[in-house]
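Let me begin by presenting the structure, written as structure tokens, before commenting on it.
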2 protein chains.
Amino acid sequence: MSLPHAILTALLEKPSSGLELTRRFDKSIGYFWSATHQQIYRELGKLEAEGLIRALTAEQPARGQKKAYEVLPAGRAELVRWTSTAQDPKPMRDALLLRLRAAAVVGAGGLEVDLRRHLELHERQLAEYREIERRDFPPGRDAPDDRLRHLVLRAGIDLETFWTGWLGHALAEFTQIAESAQDTEGAQGTKGAQGMKGADDARIAESTESAENAVRGEVAGPPDGERAGPPEGAAPTEPPGPGGAEPDGPGSEGA
Amino acid sequence: MSLPHAILTALLEKPSSGLELTRRFDKSIGYFWSATHQQIYRELGKLEAEGLIRALTAEQPARGQKKAYEVLPAGRAELVRWTSTAQDPKPMRDALLLRLRAAAVVGAGGLEVDLRRHLELHERQLAEYREIERRDFPPGRDAPDDRLRHLVLRAGIDLETFWTGWLGHALAEFTQIAESAQDTEGAQGTKGAQGMKGADDARIAESTESAENAVRGEVAGPPDGERAGPPEGAAPTEPPGPGGAEPDGPGSEGA
DNA sequence: GGACACATGTAACTAGTTACATGATTTG
DNA sequence: CAAATCATGTAACTAGTTACATGTGTCC
């Protein structure tokens, strides 16, 4: 339940229409709380109905007409209440890390390219943040609200710094893996988590292949469309090894 | 569309029942892709219907009966496809940063306590990750899949390091702000949201307050500029100061 | 008067959350 | 055999996404 409060904050900073808000959610506030224009219009409606904000423009509810909102005292009170209410951090969901983990199981083919792309995106974002800091927070600006806003910007900068650093490290690792795969080419399947014995050559083939850095996207079957029934005789991937001493943690599997 | 792939990955690492998966999503995979048991059961049903996984247990579809699943070749293929498909990073949503930004507008009352709580949570998580690293990734483990899993763990560690560092910094900043507020106390008794004198004055009172709390003590800074909230007598309908000199970025507002 | 940017909105969908229902197995 | 716990599931809801509809003002 944060979107309404994001909007209240934005409107307190500057009364705006839906589209103006949308634009501001593309930068600024949107850097840590994104929202589409549909979400915003819907929420503006609710907030108005609840009496937390009100439309400024007298009365011209025509469709293509601009309609600005401002925050009412009740809205401000609600924002104060929300801000000082304890909230648990939401459990994180990061698809890139998930993909990396999947890659540890099925092979890393093709992932490297996207890793590089992400690195570039984060580098660009970081540069943008730094530029904003240079421009908007010169030394000396230290009124409490400036400090708080600067703190938020610092979080953005530090986060992007983390990502660029980590992605750089990851790419270096990928290169090393590819190299060592070259060294031991054809010798082994390089699979660790559980003892895999024969049973599924496709998997070994894939793992080996990806270790060799072969990039390909069309190994896969139909992504959507109708999947005809389960391949009847198809042997499932191998059963877990009896000595399944699995590691634990975000990078591995708990026992 | 990552949940099914998270489940496929988990099942490849080890065939499991719904509840087992749920438990593993509380740690391990759940550290970067969380899911509730309801999500998991629903998704298992879909995946089975699509022929990507299948139930291991012959046939006992009774209600309280355990039911393990394994991944079929089609499921593995789909995971490979997904892993090597480019995906844009999802725009972030962090409620804590949003609250901080709101605090810059309505006052920071009560936020500090929760900041401290979050710091503790992140410290605990960081310690857990480090322990996992010590236990599961001793030097020498460098098969490709170990390296990839370690990489994911490193991301977790670095992320938590970022948070603890940033939260520490934020709390220090809060202390400073509080101190400088002490200095100027007596000049004005209003504090936080209670400063509301009436609907129309509430906003001004608060903005003014925070501007008057400007720090000028220990940190060698020039006297703060006269950037305050809306100037005298502004009604809530009035946009902020004429200069429109609002900063921009995640920590501030674009003009 | 057509193209286009501006501005607001509807509808349908997907993903995630919360609350609760129900049967099976263990254990005191 | 009652209670606790294991295990699977249903239902209703909230939040976020995607696609498209419709009107207004401007500029050429």
Side-chain angles (χ1 to χ4, degrees), chain A residues 1-8 11 15-26 29-30 32-50 53 55-57 59-69 82 87-95 98 223-224, chain B residues 1-8 10-11 15-26 29-30 32-50 53-57 59-69 82 87-95 98:
Chain A
M1 271 281 289
S2 298
L3 177 59
H5 303 100
I7 291 179
L8 287 173
L11 285 183
S16 311
S17 68
L19 193 65
E20 279 165 353
L21 278 178
T22 301
R23 295 210 199 296
R24 290 164 66 197
F25 269 78
D26 283 341
I29 288 195
F32 52 89
W33 200 276
S34 67
T36 63
H37 76 110
Q38 292 84 347
Q39 272 182 287
I40 289 170
Y41 281 119
R42 219 194 307 163
E43 202 64 46
L44 282 172
K46 283 191 207 166
L47 287 170
E48 190 178 20
E50 287 168 5
I53 64 175
L56 276 176
T57 42
E59 48 221 288
Q60 43 183 146
R63 197 154 203 185
Q65 230 71 354
K66 204 169 138 183
K67 207 163 97 188
Y69 294 90
W82 177 77
Q87 285 169 219
D88 285 328
K90 286 250 169 281
M92 81 174 283
R93 288 200 176 103
D94 187 284
L98 183 57
D224 276 334
Chain B
M1 271 278 292
S2 298
L3 177 58
H5 304 99
I7 290 179
L8 286 173
L11 285 182
S16 311
S17 67
L19 194 64
E20 279 164 353
L21 278 178
T22 302
R23 296 210 198 296
R24 289 165 66 199
F25 269 79
D26 284 342
I29 288 194
F32 51 90
W33 200 276
S34 67
T36 63
H37 77 111
Q38 293 85 347
Q39 273 182 286
I40 290 170
Y41 281 117
R42 219 193 309 163
E43 203 63 45
L44 282 173
K46 284 190 206 167
L47 287 170
E48 191 178 20
E50 287 169 5
I53 64 174
R54 80 168 175 202
L56 277 175
T57 41
E59 49 219 291
Q60 40 181 147
R63 194 153 202 185
Q65 229 73 353
K66 203 169 140 182
K67 208 163 96 188
Y69 293 90
W82 178 77
Q87 287 169 218
D88 286 327
K90 285 250 172 283
M92 82 174 282
R93 290 204 174 102
D94 187 284
L98 183 58

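By convention in this document, chain letters (A, B, ...) are assigned in the order of the sequence lines, proteins followed by strands, and residues within each chain are numbered from 1.
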Residues forming a side chain to side chain donor-acceptor pair (under 3.5 Å) with B/Arg23, sequence neighbours excluded: none

Nearest-Å distance for atom pair NE2/C1', residues A/His37 and D/dA21: 11 Å

Full working for side chain to side chain donor-acceptor pair (under 3.5 Å) between A/Ser2 and B/Arg93: CA-CA 9 Å; A/Ser2 298; B/Arg93 290 204 174 102; over 6 Å; no

With A/Ala68 via side chain to side chain contact (heavy atoms under 4.5 Å, CB included) - residues at least two apart: A/Leu56

Value in whole Å for how far the P atom of D/dC6 lies from CD1 of B/Ile40: 16 Å

Whole-Å distance separating the CE atom of A/Met92 from the P atom of C/dA15: 19 Å

Nearest-angstrom distance from the residue atom NZ of B/Lys67 to C1' of C/dG23: 14 Å

Gap between atoms CD and C1', on B/Glu43 and C/dT14 respectively (whole Å): 11 Å

All side chain to side chain donor-acceptor pair (under 3.5 Å) counterparts of A/Glu50, not counting sequence neighbours: none

Sugar-phosphate, base or nothing in reach of A/Ser17, heavy atoms under 4.0 Å: sugar-phosphate

Spacing between B/Asp26 atom CG and D/dC6 atom P, to the nearest angstrom: 13 Å

Listed partners of B/Pro89 passing side chain to side chain contact (heavy atoms under 4.5 Å, CB included), at least two apart: A/His118, A/Leu121

Protein-nucleotide distance (B/Tyr41, atom OH; C/dT22, atom C1'), rounded to Å: 13 Å

For nucleotides 16-18 of chain D, give me every protein contact, N/O to N/O, under 3.5 Å, one pair per line with atom names.
from, atom 1, to, atom 2, distance (Å)
D/dG16, OP2, A/Gln39, NE2, 3.3
D/dG16, O5', A/Gln39, NE2, 3.4
D/dG16, O3', B/Arg93, NH1, 3.4
D/dT17, OP2, A/Gln39, OE1, 3.3
D/dT17, OP2, B/Arg93, NH2, 2.9
D/dT17, O4, A/Arg42, NH2, 2.8

Output a table of donor-acceptor pairs, distance under 3.5 Å, between side-chain atoms of residues 42-49 of chain A and any protein atom two or more places apart or on a different chain; print 'none' if there are none.
none

Side chain of B/Met1 (C-beta onward), nearest among C/dA15, D/dT8, C/dT8: C/dA15

